[in-house]
S.K.: 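Before I ask anything, here is the structure I am working with.
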Amino acid sequence: MASPVAADSGRPFDRRVYAMVAHIPPGQLATYGQVAEMIGAWGCARQVGWALRRLPLPSAVPWHRVVNAQGRIAMSPGREGSDWMQRELLLAEGIAVAPDGSLPLARHRWHPPAALLPLAASSCTKD
DNA sequence: CCCCTGACCCTAA
DNA sequence: GTTAGGGCCAGGG
């Protein structure tokens, strides 16, 4: 498999999310809403979070580079500690993540190339 | 079909 | 700077 994108995802939406996240360079960050907009799924930030939740770990997809718009790691009991794993991975890439999950989002914000901008709007689940 | 929940976001206080 | 409320979309009971 030449692509880092997991092929075991049944939903087209999930694959779009993973493919986009795979473009985020090391040491840089994107928000859920940002990823949603980049695949043309405006307003579907929550679905992006769902897609990442369905992602089997470990994964070649750099899921840890996606945080919420508040500049904090999305902590939730349902994640079974993957949120803390995310903090460790970001620290390893040189991003100063505070113990409470807050981080300097503005300093590490990813600026995607125009080639990745959405060509058309898409639904959250459909292509 | 109704209700609740979720790795969200924006605005207002 | 942080917290609270309402809105958003899709899944599951």
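The sequence lines fix the lettering, A, B, ..., with proteins before strands; numbering per chain opens at 1.
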S.K.: Mind running a 4.0 Å heavy-atom check of residues 23-53 of chain A against DNA chain B and sending the residues that fall below it, in number order?
M.R.: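 Output list: A/T31, A/Y32, A/G33, A/A45, A/R46, A/G49, A/W50, A/L52, A/R53.
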S.K.: On DNA chain C, nearest-nucleotide positions of A/R72 versus A/S123: which is more 5'?
M.R.: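 Upstream on the strand: A/R72.
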S.K.: Are a donor atom and an acceptor atom from the side chains of A/Q28 and A/H111 found within less than 3.5 Å of each other?
M.R.: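 There is no such pair (donor and acceptor under 3.5 Å, judged by atom type) between the side chains of A/Q28 and A/H111.
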S.K.: Rounded to whole angstrom units, what separation is found between the CG atom of A/L105 and the C1' atom of B/dC8?
M.R.: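 Distance, rounded to whole Å: 14 Å.
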S.K.: Do you know which two heavy atoms are closest between A/P104 and A/A96, and how far apart they sit?
M.R.: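 Here A/P104 and A/A96 meet closest at CD-O, 3.2 Å.
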S.K.: Starting from the C-alpha separation in whole Å, work towards a yes-or-no answer on side chain to side chain contact (heavy atoms under 4.5 Å, CB included) for A/H64 and A/E93.
M.R.: CA-CA 10 Å; A/H64 56 281; A/E93 294 192 352; 3.1 Å; yes
S.K.: Nearest nucleotide by nearest heavy atom, which residue falls closer to the 5' end of DNA chain B, A/V66 or A/Q70?
M.R.: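 Its nearest nucleotide being more 5', the pick is A/V66.
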S.K.: When the distance from CZ of A/F13 to C1' of B/dC8 is rounded to whole Å, what number comes out?
M.R.: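 Between C1' of B/dC8 and CZ of A/F13: 12 Å.
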S.K.: List the steps and the verdict of side chain to side chain contact (heavy atoms under 4.5 Å, CB included) for A/W84 and A/M75.
M.R.: CA-CA 8 Å; A/W84 290 100; A/M75 309 277 220; 4.0 Å; yes
S.K.: So A/W63 and A/M85, do their side chains get closer than 4.5 Å, heavy atoms only?
M.R.: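 Touching, per the 4.5 Å side-chain cut-off.
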S.K.: How is A/N68 classified with respect to the nucleic acid when contacts are heavy atoms under 4.0 Å: base, sugar-phosphate, or nothing?
M.R.: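 Result for A/N68 = sugar-phosphate.
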S.K.: Is the closest side-chain heavy-atom distance between A/V21 and A/P62 below 4.5 Å?
M.R.: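 Sidechains of A/P62 and A/V21: in contact.
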S.K.: Just how far, in rounded Å, is C1' of B/dA7 from CG of A/L57?
M.R.: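 Taking CG of A/L57 and C1' of B/dA7, I get 11 Å after rounding.
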S.K.: Taking atom C1' in both B/dA7 and C/dG13, compute the distance separating them and give it to the nearest angstrom.
M.R.: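 Their C1' atoms lie roughly 22 Å apart.
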S.K.: Quick one: salt bridge (charged side-chain N to carboxylate O under 4.0 Å, His left out) partners of A/R79, sequence neighbours excluded?
M.R.: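 Once residues adjacent in sequence are excluded, A/R79 has no partner under the salt bridge (charged side-chain N to carboxylate O under 4.0 Å, His left out) criterion.
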S.K.: Let me know the distance between CG of A/L103 and P of C/dT2, rounded to the nearest Å.
M.R.: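 Between P of C/dT2 and CG of A/L103: 12 Å.
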S.K.: Given side chain to side chain donor-acceptor pair (under 3.5 Å), test A/R65 with A/Q86 step by step and report yes or no.
M.R.: CA-CA 8 Å; A/R65 295 176 193 145; A/Q86 179 172 13; over 6 Å; no
S.K.: Walk me through it: do A/R54 and A/R11 pass the test side chain to side chain contact (heavy atoms under 4.5 Å, CB included)?
M.R.: CA-CA 10 Å; A/R54 287 190 288 264; A/R11 301 173 178 76; 3.5 Å; yes
S.K.: May I ask you to list the residues of residues 85-95 of chain A, by number, that have any heavy atom positioned under 4.0 Å from an atom of DNA chain B?
M.R.: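 Within residues 85-95 of chain A, no residue comes under 4.0 Å of DNA chain B.
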